[in-house]
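Below is one structure; the comments refer to it alone.
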Amino acid sequence: MSRYPGLFITFEGVEGCGKSTQAQALLERLRADGVPVTLSREPGGTPLGERVREILLDTGHTGMEAATELFLYLASRAEHAAKVIVPRLEAGEVVISDRFSDASVAYQGGGRGLGPATVEALNQVATKGVKPDVTFLMDLDPEEGLDRLVRGRGEHARDRIESEVLDFHRRVREVYLESSRREPARFVVIDARLSREEVEAQVTAAVDELLGERGMRTGRTP
Ligand SMILES: Nc1ncnc2c1ncn2[C@@H]1O[C@H](COP(=O)(O)OP(=O)(O)OP(=O)(O)O)[C@@H](O)[C@H]1O
Ligand SMILES: [Mg+2]
């Protein structure tokens with residue numbers, strides 16, 4: 001459990017698994033219920049972080065060093081944690097982040113091969129130990145996720161990370177699953193092949209339970 005009165009929720013998973021769809025749906029539901037809530041994303045979440053995001057996703061930056069990439073994500077995260085996440089949690093809000101520390105463990109630790117433990121340690125520096133109360137890992141075969149993105153936007157629109165080979169994305173998925181096995185109390189693993197509605201029902205059930213535990217339950221009848 002976090003040391004703050006608020007509730008910190010993250011969505012993780014491979015490209016196209018439905019993170020943004022579910023984060024947005026949760027935001028709207030909580031807002032409708034009158035719960036104070038902020039939706040944010042990584043990389044990004046602050047003006048500085050959004051500039052770092054542009055550098056990271058720019059397809060012109062081919063051959064970026066794995067360490068450069070990691071430190072850019074961590075720079076974005078340090079700002080995000082200190083300037084957005086912690087203040088909002090201290091104010092008793094729900095903070096939803098579309099990706100957070102687990103993404104670096106999976107992408108840079110696994111995908112780029114820097115090692116999950118190394119990335120965990122550096123995440124600790126970036127976040128000063130802030131951890132999500134719950135992390136929804138939307139588990140999906142990356143081939144299916146990339147197909148969804150292509151169907152949604154067309155092949156030409158891939159960013160620098162999406163353009164990585166399938167093996168990279170398979171390593172990412174595996175390390176996400178390893179993380180979930182290491183911290184079963186924090187992770188809720190959801191089969192992302194399910195329909196939007198079915199995924200949303202699982203997210204809703206878990207979030208409602210946590211809100212209840214925190215005494216943050218709203219007037220809505222279940
Ligand atoms: N449960 C679902 N079943 C099928 N398609 C879905 C589902 N959820 C979302 N989608 C569709 O899949 C595509 C990717 O969804 P979304 O953008 O939410 O994924 P994401 O995980 O945020 O992707 P990215 O990694 O690119 O940020 C969209 O076109 C979305 O409409
Ligand atoms: Mg998204």
Side-chain angles (χ1 to χ4, degrees), residues 8-24 26-27 37-89 94-116 118-132 134-138 140 142 145-146 148-149 152-153 157-165 168-169 171-173 175-176 179:
F8 184 22
I9 300 168
T10 58
F11 286 89
E12 298 282 3
V14 298
E15 316 293 315
C17 65
K19 299 175 294 294
S20 301
T21 302
Q22 292 299 327
Q24 187 64 35
L26 179 61
L27 173 77
V37 56
T38 299
L39 170 61
S40 198
R41 68 171 181 182
E42 287 203 359
T46 64
L48 190 156
E50 291 294 330
R51 290 179 69 180
V52 173
R53 181 185 181 94
E54 285 172 26
I55 299 172
L56 278 165
L57 301 185
D58 188 340
T59 46
H61 294 151
T62 47
M64 186 188 288
E65 284 294 314
T68 307
E69 182 179 289
L70 172 63
F71 289 125
L72 286 169
Y73 276 106
L74 292 167
S76 167
R77 183 161 307 127
E79 289 297 308
H80 190 212
K83 308 268 168 59
V84 176
I85 297 169
V86 168
R88 301 267 154 220
L89 292 175
V94 174
V95 178
I96 305 168
S97 189
D98 188 342
R99 296 192 183 282
F100 190 60
S101 299
D102 299 308
S104 290
V105 174
Y107 280 79
Q108 285 71 51
R112 300 280 183 229
L114 293 173
T118 303
V119 177
E120 287 274 15
L122 291 167
N123 269 334
Q124 189 75 15
V125 178
T127 63
K128 300 182 188 141
V130 177
K131 280 227 160 194
V134 62
T135 297
F136 293 105
L137 173 55
M138 323 265 299
L140 190 67
L146 292 166
R148 281 183 185 176
L149 291 180
R153 310 186 306 220
R158 287 189 181 201
D159 67 34
R160 194 179 61 86
I161 303 289
E162 287 165 1
S163 307
E164 271 299 328
V165 293
F168 171 91
H169 295 287
R171 288 197 295 279
V172 169
R173 182 193 196 187
V175 175
Y176 266 134
S179 295

What heavy-atom pair brings [X] and [Y] nearest, and what distance separates the two atoms?
X      : Y      : value
Ala81  : Pro87  : O-CD, 4.0 Å
Ser101 : Thr127 : OG-CG2, 3.6 Å
Gly45  : Glu50  : N-OE2, 3.0 Å
Ala66  : Leu114 : O-CD1, 3.8 Å
Ser104 : Asn123 : CB-OD1, 4.2 Å
Leu39  : Ala23  : CD1-CB, 3.7 Å

Tell me yes or no: between the side chains of Asp98 and Ser20, is some donor less than 3.5 Å from an acceptor?
yes

Evaluate the criterion side chain to side chain contact (heavy atoms under 4.5 Å, CB included) for residue pair Glu12 and Phe100; output intermediate values, then yes/no.
CA-CA 8 Å; Glu12 298 282 3; Phe100 190 60; 3.9 Å; yes

Closer than 3.5 angstrom, by distance alone: can the side chain of Asp159 be matched with the main-chain N or O of Leu57 as a donor-acceptor pair?
no

Donor-acceptor under 3.5 Å (Lys19 side chain, Gly13 main chain)
yes

Close side-chain approach of Pro116 to Val119, heavy-atom, < 4.5 Å
no

Can you check whether Ile9 reaches Val95 side chain to side chain, under 4.5 Å on heavy atoms?
no

Are Ile96 and Phe8 close enough, and set up right, to give a side chain to side chain contact (heavy atoms under 4.5 Å, CB included), and what steps lead you there?
CA-CA 6 Å; Ile96 305 168; Phe8 184 22; over 6 Å; no

side-chain contact (heavy atoms from CB on, under 4.5 Å) partners of [X], counting only residues at least two apart:
X     : answer
Ser76 : Pro43, Val52
Ser40 : His80, Val84
Thr68 : Met64, Glu65, Leu72
Glu54 : none

Among residues at least two apart in sequence or on other chains, which ones pass side chain to side chain donor-acceptor pair (under 3.5 Å) with [X]?
X      : value
Glu164 : Arg112
Tyr107 : Glu15, Arg99
Thr38  : Glu93
His169 : none

Would you please name every residue forming a ring-ring contact (aromatic ring centres under 6.0 Å, His included) with Tyr176, sequence neighbours left out?
none

Residues two or more places apart in sequence or in another chain: which of them pass ring-ring contact (aromatic ring centres under 6.0 Å, His included) with Phe136?
Phe11

Check salt bridge (Lys or Arg N to Asp or Glu O under 4.0 Å) between Arg51 and all other residues, then give those that pass, not counting sequence neighbours.
none

Please step through side chain to side chain contact (heavy atoms under 4.5 Å, CB included) for the pair Glu69 and Ile161, ending with a clear verdict.
CA-CA 10 Å; Glu69 182 179 289; Ile161 303 289; 3.7 Å; yes

Are there over 12 heavy-atom neighbours, none belonging to Arg88, within less than 6.0 Å of that residue's CZ?
no

Rounded at 0.5 Å granularity, tell me how far CZ in Arg160 sits from CD1 in Ile55.
10.5 Å

Find the distance between CG (Leu74) and CG (Leu70) and round it off to the nearest 0.5 Å.
4.5 Å

Charged N-O contact under 4.0 Å between Glu42 and Arg77
yes

Qualifying side chain to side chain donor-acceptor pair (under 3.5 Å) pairs, either residue in residues 55-64, two or more places apart
none

Do Arg41 and Ser97 pass the side chain to side chain donor-acceptor pair (under 3.5 Å) test, and can you show the C-alpha distance, the side-chain angles, and the key distance before you say yes or no?
CA-CA 5 Å; Arg41 68 171 181 182; Ser97 189; over 6 Å; no

